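What follows is a single structure, written as structure tokens, with notes after it.
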Amino acid sequence: MDLTYNEKRLLAALYKERHGEWREPEELAGELGTNGEAVVQYSHLLSGRGLAEVRQETRHTYALTPEGEEYREKGLPERQLLSSFEGSVPMAELNRHPLARIGIGWLRRKGWVTIRDGLVTKTGTSPESPDEAALREVEAGGQGVSDLIKRGLATDTEELGFQVRLTTAGVGECRAGLELRQEVGTLTSEQIASGGWKNLALRRYNVGTLPKVAYPGKIHPYQRLIDEMRQVLIELGFTEMYGGVVQSVFWNFDALFQPQDHPAREMQDTFYLEPRVGLPEGYNRVKTMHETGGETHSTGWGGTWKEEKAEQCVLRTHTTCLSIQHLARNRQPPVKAFCIGRVYRREAIDPTHLPEFEQLEGIVLDTGVTFRNLLGFLRVFYNKMGFSEVRFRPGYFPYTEPSVEPEVYVDGLGWVELGGAGVFREEVTAPWGITTPVLAWGLGVSRVASLRMGLKDLRMLYESDIDWIRKVPANRAGPSAPGEAR
Amino acid sequence: MPIVSLPYKYLERLVGRSHEDVIERLPMIGSDIERVLPDHCDIEFFPSRPDLYSVEGVARAMRGILGIEEGLPEYPVTPSGIGFSVDPGLAEIRPFLGSAVIRGVKFDEESIVTLMGLQESLHWVLGRGRAKVAIGVHDLTHIRPPFRYLAAPRDRSFVPLDFDTGMTLDRILADHPKGRAYAKIVERFDRMPLIEDSLGQVLSFPPIINGELTRVTERTTDLLLDVTGTDRRAVDLTVAIICSAMAEGGARIESVDIDGTPVPTLTPSERVVSVSACEKLLGIPLNADSMAGLLRKMRFGAIPGGDGTVMVQVPCFRADIMHDWDIFEDVAIAYGYRNFEAEIPATFTVGQEHPASRIGRLARETAVGLQYLEVMPFSLTNERTMYGMMQREAAPGVLHLLHPISEDHTIVRTDLVPLLIGTLALNRHREFPQRIFACGDVVLDLSTYQKVGAVSTHPGADFSEIYAFADAFCREMGVTYRAVPSDDPAFIEGRRADLVVGGRRAGVFGEVHPAVLNAFGLEQPVAAFECDLTVVPGYPRDPATP
């Protein structure tokens, strides 16, 4: 059995003499060279191992108050009053005695005198009362002491006392022999260097006692999820894009073939900014595409495309504006790129709507890629994010054709729509000389976060209670976290 | 996106199948089921398919998908003999008119509601809130053709719908609920669009309100439709969607003669598309016959050609067919998205993280190693938090939102420390010490770049602590810096330093000024650090500007 040095010493002390009897901690403390409290603590440890039993009882200590001490010398007030006269005495005269106020009542209550017509007369019997006996021997307790306590002449101090004795198992342990060796709390460098450690017993810790709670510095759980998504895409061979949150309307909307009167472009939905910027080289091909469809077999939107609308600036409403700029610069296949960045929508804040949130965006430009390949990328991506069941429904996005809305199965929620995807319309890619299809998909990262972390209020991600960040385990958002999403 | 109510009895009569069968297939043609109730369901359809904004339109599509009736729906149009003229004075105001006569309509309360629902959805999606297209439907009984669409003076008067006295156009714009709602479309013109009959009775004041005279009731059987707008294509499409839906419901369509041209024709447009181009886009095996079959399920007319093409007739009510790929998407939908075998292409590529992300990742790693906890505050903020409470002057290059949605969010952040101090203020009751950092985008002079900020608060938070952080951070990031006394008023004088890198002030650190702490309602000392990550070796040089 793994006993500490102190436990062994207590066992030995209990075994040495009278090992069947209850022993007092104070007495044992003397033998062990420690205090009673420590003995009680060791006793409880031994009791936990079944080697000793501990019993506890409430002990009373009685003592006389200073007034009680005085009466022990001189007798109780009623005794002193009784001795101050013979036979009988007028009440008025007895009242002059200094103890009259306390004593007269007791004289009568104890039946030592009768009082009639102003005359106090002894009854003739005045045996020693229990309180008088107790006055002499207050430590013994009993009825008399209780009376004294009531009269304020004695006090009662209560204390919890322990007693300890060996159990049969404890006796057996001692008979088997105890190896007593001094223990220390710390291993010193001197002991390590000198070899002193060889004869050293280091004090054992109780593994059952919980440690002090410590919180590490850590990555925000939401950033961890973002990093995990970045990791998945980099593993799939995608190059990361990064770009400005301020974009021209040209790149944010026009280059994506959003008609200039599209409702999403209005200032109710988009944050517009004061500055204006020039249009990039080749913008006129986008203009032609909007007006007539250019050299493609598209009809275009008709009407007149206005430069001054495209020159305005907005906070990007999606990261697709980065994708199209990346494609305009890199049109030789294969191109596989992605981006996770903050996007902005003019929405009032509530638990499920925020004016800014993260969006993930992926594009694939390659010879011979098809809509079927897009579904392939989507399936692999969602599988790697921990959603093993994925299905596809037709969708609508202004800049893709065909379009698809992927859905994933989440326990407890059923099929959940998660993002959107499609093949970039030829009207989007043709102005930049791109001749191969471009597969594209995007999704709201905070939506994944709320599914994976069970968040009811998205504001928690941005206006964080640091206690929440401290307590959310790092592995919570891990791809194989069991039982969270499948 | 518009939500369309589908009453089961009417839907089942039109489709010829149970509503359960229909509801099961609806998501697979592109829609979201909002609600399924005992007598009807509410379905959200995409903005690209306004032809589905009526029960009749949904039934037409579902008959194709369920194989009950395939191919191009045809709607015969006979001349009504009614004439309509358009005043050239409308050219700059609202030039385009579409019209039709619809006879033999059997209205009950429900079908009037359905027609109004279609009208509302079209006003919203095709009409852009009536600016581009507005629709009027009139009982034909009380009016006498020919009709005139004219530019009328603003003091012209008539009795608008839901009123019993005449009002001038100006008063309608000022006092009528619809007038106030849509005034901004026409109020800038001297003359206003108006439709009257040969007796000078007013039918409508487009795009605002109809006259009470032509109110449609359950007794109405014959309708005059007017559609006005600023875009020819959208006007014609709206007429086609309404007429074809009414025809699906059993009505007869008659044309109106607008300045010599009979409208509507409700005839399809034609496109010859390539089978191999469709195969190439979708990645599924097709031939002209199978492709034509799939398109007929989607209610196109489709005739396989001999040379690997299909001649497609696009119904007049389809708004979304601009390009061959729009037709190919319908092939995919009819084929069934669930029947595609998803597959990743074999091309090999090497993944790569962006250098700016790499720097951000290293900054996070370093801050975490120094026992800091990451937070991710909003990037939209306000001048009071960013500058006023910090005792700082607003940065000259700060970006203001033109139409902020709340007082809290009026600018894009230029610094992170004010937001970190704000986060501490939200966490006053949490255990100390608190050490938090953020790493993220800021915008200055239209340019987006990353900063890192860190704050520490506890009774002993001081300059030495944050100097040690700054020193360790710069060392790990490979930044050689010089610390020089700073004059940043957000910090205590004599306990603040600028981080100078290559002669440029790249950051600041020190003990936050007690007045700043008071402004944020904090009671413990705060030491703070902020650094621009563009000074870190390896940070990309391309500016992230529009």
Side-chain angles (χ1 to χ4, degrees), chain A residues 217-220 222-223 234-235 237-248 261 267 271-275 277 297-299 302 313 334 336 342 346 348 355-356 366 369-373 375-377 379-380 392-394 396 401-402 404 423 425-426 437 461-467 469, chain B residues 27-30 46 48 128 132 233 281-284 322-326 329 332-333 337-338 340-345 347 349-354 356-357 364 368 370-380 399-403 405 409 426-427 430 434 436 441 443 446 448 544-546:
Chain A
K218 66 171 142 175
I219 298 289
H220 192 289
Y222 187 44
Q223 181 64 41
I234 291 168
E235 282 170 14
F238 284 76
T239 297
E240 188 173 23
M241 303 179 279
Y242 174 81
V245 299
V246 180
Q247 293 288 337
S248 65
D261 67 346
M267 65 188 189
F271 286 119
Y272 278 82
L273 306 164
E274 183 85 52
V277 293
H297 45 227
S298 173
T299 59
C313 284
K336 281 163 69 182
R342 227 170 249 197
R346 196 169 173 280
E356 52 179 299
D366 199 2
V369 288
T370 67
F371 184 62
R372 192 154 72 88
N373 296 139
L375 303 186
F377 274 111
R379 190 177 292 281
V380 170
F392 304 108
R393 287 198 301 134
Y396 168 74
E401 192 76 17
V404 52
V423 183
R425 299 187 69 98
E426 199 185 0
L461 298 174
Y462 303 92
E463 292 174 337
S464 293
D465 179 344
I466 62 175
D467 229 33
I469 305 175
Chain B
M28 293 304 152
I29 65 162
F46 297 135
S48 55
R128 304 282 193 249
K132 197 173 176 184
R233 192 148 61 168
L281 179 67
L282 300 182
I284 53 172
M322 302 175 65
H323 188 281
D324 291 355
W325 288 11
D326 296 309
E329 181 181 61
I333 291 171
Y337 279 19
R338 68 177 84 174
F340 278 80
E341 275 180 56
E343 189 193 47
I344 316 198
T347 311
T349 51
V350 176
Q352 197 184 334
E353 130 179 281
H354 193 276
S357 286
R364 286 190 179 89
V368 165
L370 291 164
Q371 307 277 303
Y372 279 61
L373 198 66
E374 186 181 20
V375 295
M376 303 175 77
F378 284 123
S379 60
L380 297 178
L399 200 58
H400 291 263
L401 306 185
L402 278 183
H403 308 282
I405 202 159
H409 295 156
L426 292 175
N427 285 281
R430 295 302 184 198
Q434 295 176 1
I436 59 173
D441 288 343
V443 177
L446 297 188
T448 303
T545 49

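Below, chain A is the first sequence line, B the second, and so on; all start at residue 1. Just so you know, these numbers use all the heavy atoms, side chains as well, and skip hydrogens, waters and symmetry mates. Model, not experiment: these values are computed from the prediction.
Interface remark: L399(B) contributes side-chain atoms only to the contact with chain A (heavy atom separation under 4.5 Å). For L281(B), the parts lying near chain A are the backbone and the side chain together; criterion is any non-hydrogen pair under 4.5 Å. For K336(A), the part lying under 4.5 angstrom from a heavy atom of chain B is the side chain only. Only the side chain of N427(B) comes within contact range of chain A, with at least one heavy atom under 4.5 Å from a heavy atom of that chain. Residue H403(B) touches chain A through both its backbone and its side chain, counting heavy-atom pairs closer than 4.5 Å. If you measure heavy-atom distances from V369(A) to chain B, the contacts under 4.5 Å come from both the backbone and the side chain. At a 4.5 Å heavy-atom cutoff, the contact between I29(B) and chain A is made by backbone atoms alone. Of the atoms belonging to R342(A), it is side-chain heavy atoms, and not backbone ones, that fall under 4.5 Å from chain B. Looking at V443(B), only its side chain comes within 4.5 Å of chain A, counting heavy atoms on both sides. In this structure, chain B has a heavy atom under 4.5 Å from the side chain of R379(A), while its backbone stays farther away. For I466(A), the parts lying near chain B are the backbone and the side chain together; criterion is any non-hydrogen pair under 4.5 Å. Residue V277(A) touches chain B through its side chain alone, counting heavy-atom pairs closer than 4.5 Å. Contact annotation for F378(B): both backbone and side-chain heavy atoms come within less than 4.5 Å of a heavy atom of chain A. With a threshold of 4.5 angstrom between heavy atoms, L446(B) approaches chain A through its backbone and through its side chain.
Residue with the most contacts toward chain B among V380(A), L461(A), L375(A), T370(A): T370(A) (heavy-atom pairs, distance under 4.5 Å). Per-residue counts of heavy-atom pairs under 4.5 Å with chain A were compared for M322(B), E343(B), Q352(B), Q371(B); the largest is that of M322(B). Between chain A and the options P27(B), A544(B), P546(B), heavy-atom pairs under 4.5 Å are most frequent for P546(B). If you tally non-hydrogen atom pairs under 4.5 Å between each of V245(A), N373(A), T239(A) and chain B, the highest count goes to N373(A). Interface summary for chain A: among R364(B), H409(B), Q434(B), the most heavy-atom pairs under 4.5 angstrom belong to R364(B). Contact tally against chain A (heavy-atom pairs below 4.5 Å) for E341(B), H400(B), R430(B): the top residue is R430(B).
Between V375(B) and I469(A), some side-chain heavy-atom pair lies under the 4.5 Å cut-off. When side chains are defined from C-beta on, L380(B) counts as touching F271(A), because their heavy atoms get closer than 4.5 Å.
A donor-acceptor contact under 3.5 angstrom links the side chains of E240(A) and S357(B), judged on distance only. In this model, a donor atom of one side chain and an acceptor atom of the other lie less than 3.5 Å apart for T347(B) and D366(A). No hydrogens or angles considered: nothing links the side chains of S298(A) and E426(A) as a donor-acceptor pair under 3.5 Å.
Residues F392(A) and V404(A) share a closest heavy-atom pair of CB-CG2, 3.6 Å. Looking at every heavy atom in both residues, F340(B) comes nearest to I284(B) through CE2-CG2, 3.5 Å.
For K218(A) and E374(B), the salt-bridge test fails: no basic side-chain N is under 4.0 Å from an acidic carboxylate O.
Residues meeting the ring-ring contact (aromatic ring centres under 6.0 Å, His included) test with F238(A), sequence neighbours left out: F377(A), W441(A). The salt bridge (charged side-chain N to carboxylate O under 4.0 Å, His left out) search around D326(B) returns R425(A), not counting sequence neighbours.
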Handout entry: Residues H220(A), S464(A); criterion side chain to side chain donor-acceptor pair (under 3.5 Å); working and verdict
Key = CA-CA 10 Å; H220(A) 192 289; S464(A) 293; 3.2 Å; yes

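More than 12 heavy atoms of other shown residues, nucleotides or ligands fall within 6.0 angstrom of atom CD in E353(B).
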